[in-house]
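First up is the structure itself, then whatever we jot down about it.
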2 protein chains.
Amino acid sequence: MKAGLSKEKIIIIAAKMADEKGLAELTLKALADELGIKPPSLYKHFNGGLDELNKELMLYGWRMLDGEITKAVIGKAKDDAVIALCHTYRKFVSEHKGLFEAMQWYNMYQSEEHLQASAGSVDIIYRSLSSYEMTDEQKVHTVRMIRAFLQGFSTIEVHVGSNYPVPLDDSFDFALRTILSGIADMKGDE
Amino acid sequence: MKAGLSKEKIIIIAAKMADEKGLAELTLKALADELGIKPPSLYKHFNGGLDELNKELMLYGWRMLDGEITKAVIGKAKDDAVIALCHTYRKFVSEHKGLFEAMQWYNMYQSEEHLQASAGSVDIIYRSLSSYEMTDEQKVHTVRMIRAFLQGFSTIEVHVGSNYPVPLDDSFDFALRTILSGIADMKGDE
DNA sequence: ACAATAATGCTAATTGCATTAGCTATTATA
DNA sequence: TATAATAGCTAATGCAATTAGCATTATTGT
């Protein structure tokens with residue numbers, strides 16, 4: 001029986017499963033069960049097995065995040081753009097915990113493809129900074145700083161949950177203000 | 001034959017293996033081979049098997065990092081303390097990539113023990129901020145910001161490596177200055 | 001329309017690691 | 001010194017990933 005599956009459809013289902021159950025629960029067996037096929041059949045779509053599935057999830061996640069950030073930043077500049085970007089990133093992670101895990105996974109395989117995967121987001125952050133008066137080098141630093149903060153904050157948030165006397169929302173906004181204020185002070189620095 | 005092993009000794013070896021080969025390569029089989037024993041024997045030390053080993057590595061890593069940070073901030077205050085703390089954190093991660101992976105692992109098991117594991121470092125960051133004029137709430141925010149930045153930056157660095165026209169060292173220092181400058185501006189904010 | 005080919009699914013079998021059960025030797029202790 | 005706890009072992013099980021080879025369904029060129 002043919003199930004009429006395609007790589008794309010499978011990835012979408014797999015992403016949903018990863019988001020619901022966590023990436024570790026996304027086994028070929030579980031995915032096959034969900035799709036109504038047998039595990040070996042998945043190799044017809046993913047020659048590289050589980051590894052390739054994870055890789056594809058990673059790429060899918062970055063593409064999706066790129067898209068959402070791009071949309072969010074349209075028509076905005078400077079602080080407004082950075083704020084929109086950061087909130088979009090954080091929201092994305094909260095809605096796609098499993099995909100986010102997969103996206104952090106690109107360390108194990110250092111191919112061109114993987115390096116480019118996250119390059120998209122880096123590029124968007126970079127372009128969002130275009131209207132600031134900074135040197136190119138300062139922009140690179142700033143991109144890295146923002147990226148590190150976003151990734152770190154999101155990871156911690158995903159791991160730790162959201163129970164605390166001091167809400168994480170406030171901390172996020174606070175940190176964002178701090179970073180923006182730091183950027184504003186940047187002019188004179190070497 | 002008795003190999004004269006103890007939980008502590010095994011954890012130290014396991015940590016070394018994880019740092020050298022990556023956490024994923026640290027299987028019970030590989031560890032047993034390294035120790036010159038058979039995999040089932042490990043259950044005499046780690047009742048919970050692989051899970052418990054990972055948990056212990058996580059705790060070991062946090063304790064070690066706590067110790068190094070504590071040492072590094074002794075006799076320092078304000079910016080000096082924060083700078084020392086951040087550099088120590090980053091250096092630790094670069095020298096203990098495998099342990100760092102394990103330390104990020106605490107999401108899966110949400111026990112008291114695990115929550116306290118990272119609480120130590122949080123506490124040290126918090127205390128390092130003691131000489132700033134901030135409200136307690138601002139301190140909580142600042143701790144989270146620093147922690148997010150450190151974790152994010154380190155993760156990216158571990159994943160991506162250190163090849164680039166613009167050196168990561170510079171970006172790290174730049175971000176640190178930006179954050180410190182943001183902190184300095186903080187006074188008036190609500 | 002129809003043969004050839006590619007695509008997609010299956011079953012059966014293999015591998016490798018984690019884990020459990022039960023046995024044995026060694027160490028520590030009462 | 002007898003006894004209990006410790007730390008190792010072998011044998012066996014289970015589970016997921018993977019590979020090989022077969023069967024069926026689509027697709028495509030003529």
Side-chain angles (χ1 to χ4, degrees), chain A residues 1-60 98 101-102 105-109 111 114, chain B residues 1-60 98 101-102 105-109 111 114:
Chain A
M1 193 197 320
K2 281 226 181 178
L5 296 169
S6 70
K7 202 164 180 171
E8 287 68 34
K9 285 184 193 169
I10 296 177
I11 290 169
I12 290 170
I13 305 275
K16 195 167 300 178
M17 289 177 69
D19 286 341
E20 284 165 1
K21 302 272 202 163
L23 189 63
E25 304 288 319
L26 180 64
T27 62
L28 290 185
K29 177 167 176 11
L31 178 56
D33 282 353
E34 178 74 25
L35 295 169
I37 62 177
K38 302 292 174 180
S41 307
L42 285 168
Y43 286 79
K44 292 295 151 77
H45 300 280
F46 302 91
N47 232 285
L50 190 55
D51 270 10
E52 189 180 341
L53 174 64
N54 281 313
K55 189 191 82 178
E56 292 295 345
L57 283 177
M58 173 201 80
L59 295 170
Y60 174 68
E101 276 187 79
W105 195 81
Y106 56 91
N107 48 329
M108 304 170 193
Y109 292 76
S111 72
H114 300 129
Chain B
M1 192 196 322
K2 282 227 179 177
L5 296 170
S6 70
K7 203 164 180 171
E8 287 68 33
K9 285 182 194 170
I10 296 176
I11 289 169
I12 290 170
I13 306 276
K16 194 167 302 179
M17 289 177 68
D19 286 341
E20 286 165 359
K21 300 272 206 165
L23 190 64
E25 303 288 321
L26 181 65
T27 63
L28 290 185
K29 178 169 177 5
L31 178 56
D33 283 353
E34 179 73 26
L35 295 170
I37 62 178
K38 302 292 175 181
S41 306
L42 284 168
Y43 286 78
K44 292 295 151 78
H45 300 279
F46 302 91
N47 232 284
L50 191 55
D51 271 10
E52 190 181 341
L53 174 64
N54 281 314
K55 190 191 80 179
E56 292 294 345
L57 281 177
M58 172 201 79
L59 296 169
Y60 175 68
E101 277 187 78
W105 195 79
Y106 56 91
N107 48 329
M108 304 171 193
Y109 292 75
S111 73
H114 300 129

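A note on names: the letters A, B, ... follow the listed sequences, proteins ahead of strands, and every chain is numbered from 1.
Here the shortest heavy-atom pairing between B/Lys38 and B/Ala32 reads C-CB, 3.7 Å. The minimum heavy-atom distance between A/His45 and A/Leu5, with the atom names listed, is CE1-O, 3.6 Å. Minimum interatomic distance between A/Tyr60 and A/Ala15 (heavy atoms only, all atoms of both residues): CE2-CB, 3.7 Å.
A heavy-atom distance below 4.5 Å is found between the side chains of A/Leu23 and A/Leu57. Side-chain contact between B/Glu56 and B/Leu59: present, with at least one pair of heavy atoms (C-beta onward) separated by less than 4.5 Å. Contact check for B/Leu53 versus B/Leu42: no side-chain heavy atoms found under the 4.5 Å cut-off.
Atom C1' of nucleotide C/dC10 and atom CG of A/Leu35 are separated by 15 Å, given to the nearest angstrom. Distance B/Lys7 NZ to D/dA7 P: 11 Å, rounded to the nearest Å. Note: CD1 (B/Ile10) to P (D/dT6) measures 15 Å, nearest angstrom. Rounded to whole angstrom, the span from the NZ atom of A/Lys44 across to the C1' atom of C/dC10 amounts to 9 Å. In this structure, CG of A/Leu42 is placed 10 Å from P of D/dT18, rounded to the nearest angstrom.
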- Task: Encode nucleotides 11-21 of chain C as B, S and - characters from 5' to 3', where the letter depends on protein heavy atoms closer than 4.0 Å: B to the base, S only to sugar-phosphate, - to neither.
- Result: BB----SSBB-

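Atom CZ of residue B/Phe46 and atom CG of residue B/Asn54 lie 10.0 Å apart, to the nearest 0.5 angstrom.
Look at B/His45 and you won't find any side-chain N or O under 4.0 angstrom from OP1 or OP2 of D/dT6.
Under the side-chain hydrogen bond (donor to acceptor under 3.5 Å, both in side chains) criterion, the residue pairs touching residues 11-27 of chain B are B/Asp19-B/His96, with sequence neighbours excluded.
DNA chain C lies under 4.0 Å from no heavy atom of any residue of residues 15-22 of chain B.
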